[in-house]
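Since we're looking at a predicted model, the values are computed, not measured.
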Amino acid sequence: MAQSSTPVQKPGVKPVRSIPYVSITGEDGKQRHYETNAIPLLFNRACFGWRMYLGGPNRVVSLKEVLTTSQPAEQVIAGPETEVSADKTQATTRMFETVTDGVLQRSWCIIPGDPPGTYTYDITIDGEPRGEFVFCAIEVPDQNPNTDPRDLNCPNKFNAVERDLPRHKKAS
């Protein structure tokens with residue numbers, strides 16, 4: 001007879017997942033966080049990023065992050081660890097980052113001149129390809145700080161959905 005077991009999870013604790021996210025500072029000054037890849041181009045108000053669950057102990061890893069945009073940026077603000085292509089559609093960042101509690105994450109904020117369209121981040125950790133995050137940057141003509149990114153129209157939109165963990169069956 002097969003038995004099923006459900007992993008024990010503490011109440012109120014969300015499972016750790018790899019996700020894209022967006023945060024927006026509203027008119028009230030409060031920051032709101034969304035698990036989505038739809039980025040409203042709200043200058044100096046919207047930020048976006050990715051969180052990747054790697055597991056294991058706290059440690060420093062070698063990170064290579066390649067950003068490719070479907071249109072060139074008007075301006076690029078980057079440190080010495082970032083190389084920007086001549087056409088301003090690709091930026092490659094190489095740096096060491098700290099994995100804390102099994103999670104590695106990075107984020108950026110929208111500035112004037114950031115183009116609408118697709119933003120793709122290819123992530124390599126310690127020389128191994130580890131993931132891709134695809135964002136959709138969408139113009140917000142009225143710059144309304146109360147824009148909810150989940151309401152934006154994006155061809156490759158992702159909105160996180162909480163689901164029960166799958167039940168694993170064991171043969172006996």
Side-chain angles (χ1 to χ4, degrees), residues 7 9-55 58 61 63-79 82 89-91 93 95 97-125 129-166:
Q9 190 173 332
K10 294 178 184 174
V13 175
K14 288 185 178 183
V16 179
R17 299 167 291 143
S18 296
I19 61 158
Y21 63 88
V22 170
S23 61
I24 299 171
T25 303
E27 284 180 314
D28 58 5
K30 291 183 181 175
Q31 201 171 49
R32 291 165 182 80
H33 303 278
Y34 306 89
E35 290 183 7
T36 184
N37 67 338
I39 312 164
L41 291 175
L42 295 170
F43 309 125
N44 305 312
R45 286 193 179 271
C47 299
F48 66 102
W50 54 264
R51 179 178 74 205
M52 184 178 288
Y53 180 72
L54 300 174
N58 290 356
V61 296
L63 170 67
K64 177 181 169 189
E65 176 184 71
V66 179
L67 164 64
T68 304
T69 57
S70 56
Q71 297 181 52
E74 283 182 24
Q75 62 178 329
V76 178
I77 299 173
T82 301
T89 61
Q90 192 169 74
T93 301
M95 61 193 321
E97 283 288 317
T98 302
V99 175
T100 305
D101 297 328
V103 175
L104 180 64
Q105 65 180 22
R106 299 249 306 145
S107 65
W108 311 265
C109 294
I110 297 298
I111 59 173
D114 283 348
T118 303
Y119 293 22
T120 303
Y121 283 93
D122 289 300
I123 311 300
T124 302
I125 298 169
R130 293 300 297 263
E132 176 184 77
F133 292 88
V134 179
F135 291 88
C136 186
I138 302 157
E139 291 179 314
V140 180
D142 64 0
Q143 290 293 295
N144 180 352
N146 297 315
T147 298
D148 186 328
R150 297 169 299 186
D151 295 336
L152 298 174
N153 187 17
C154 173
N156 59 351
K157 186 161 68 173
F158 159 86
N159 284 326
V161 177
E162 293 293 327
R163 295 200 170 119
D164 291 333
L165 294 173

Closest heavy-atom pair and its distance - F135, G49: CZ-O, 3.1 Å
Mark yes or no for whether R45, through its side chain, and I24, through its backbone, hold a donor-acceptor pair below 3.5 Å. no
Is there a side chain to side chain contact (heavy atoms under 4.5 Å, CB included) between R106 and M95 once you walk through the steps? CA-CA 12 Å; R106 299 249 306 145; M95 61 193 321; 3.3 Å; yes
When rounded to the nearest 0.5 angstrom, what is the spacing between NE2 in H33 and OH in Y21? 9.0 Å
Using atom types as modelled and distance alone, determine if a side-chain donor or acceptor of Q105 lies under 3.5 Å from a backbone N or O of V99. no
Give the ring-plane orientation class for Y121 versus W108, where under 30° counts as parallel, over 60° as perpendicular and anything between as tilted. parallel
Before you tell me yes or no, could you show the steps for R130 and L104 under side chain to side chain contact (heavy atoms under 4.5 Å, CB included), namely the whole-Å CA-CA distance, both residues' side-chain angles and the distance that decides it to 0.1 Å? CA-CA 11 Å; R130 293 300 297 263; L104 180 64; over 6 Å; no
When every non-hydrogen atom of N37 is compared with those of V134, the smallest separation belongs to ND2-O, 2.7 Å
So CD of E65 and OG1 of T124: to nearest 0.5 Å the spacing works out to 10.0 Å
Interatomic distance, OG@S23 vs NZ@K30, rounded to 0.5 Å, equals 15.5 Å
Considering all heavy atoms, the nearest L41-Q143 contact: O-NE2, 2.8 Å
Quick check: does any side chain N or O of T36 sit under 3.5 Å from a backbone N or O of A38, one acting as donor and the other as acceptor? yes
Side-chain donor or acceptor of T89 paired with backbone N/O of P72 under 3.5 Å: no
Residues F133, I19; criterion side chain to side chain contact (heavy atoms under 4.5 Å, CB included); working and verdict: CA-CA 8 Å; F133 292 88; I19 61 158; 5.6 Å; no
Heavy-atom pair of closest approach, residues G26 and N146: CA-OD1, 4.2 Å
Backbone N/O of P116 and side chain of E139: donor-acceptor pair under 3.5 Å: no
Kindly compute the distance separating CD1 (I77) from OG1 (T82), expressed to the nearest 0.5 Å. 12.0 Å
I'd like to know if the side chain of T118 and the backbone of S70 have a donor-acceptor N/O pair within less than 3.5 Å. no
Point-to-point distance, once rounded to the nearest 0.5 Å, from CG of L67 to OG1 of T93: 8.0 Å
Can you measure from OG1 (T120) to CD (Q90) and round to the nearest 0.5 angstrom? 10.0 Å
Take D101 and N58 through the test side chain to side chain contact (heavy atoms under 4.5 Å, CB included) and record every step on the way to the result. CA-CA 6 Å; D101 297 328; N58 290 356; 4.0 Å; yes
Determine the minimum heavy-atom distance between D148 and R150, stating which atoms define it. OD2-NH2, 2.7 Å
Below 4.5 Å, heavy atoms only, C-beta onward: do L63 and I123 meet side chain to side chain? yes
Hey, which of I39, V140, V22, L42 is the one that makes side chain to side chain contact (heavy atoms under 4.5 Å, CB included) with I110? I39
Taking every heavy atom of P149 against every heavy atom of P40, the minimum-distance pair comes out as CB-CD, 3.9 Å
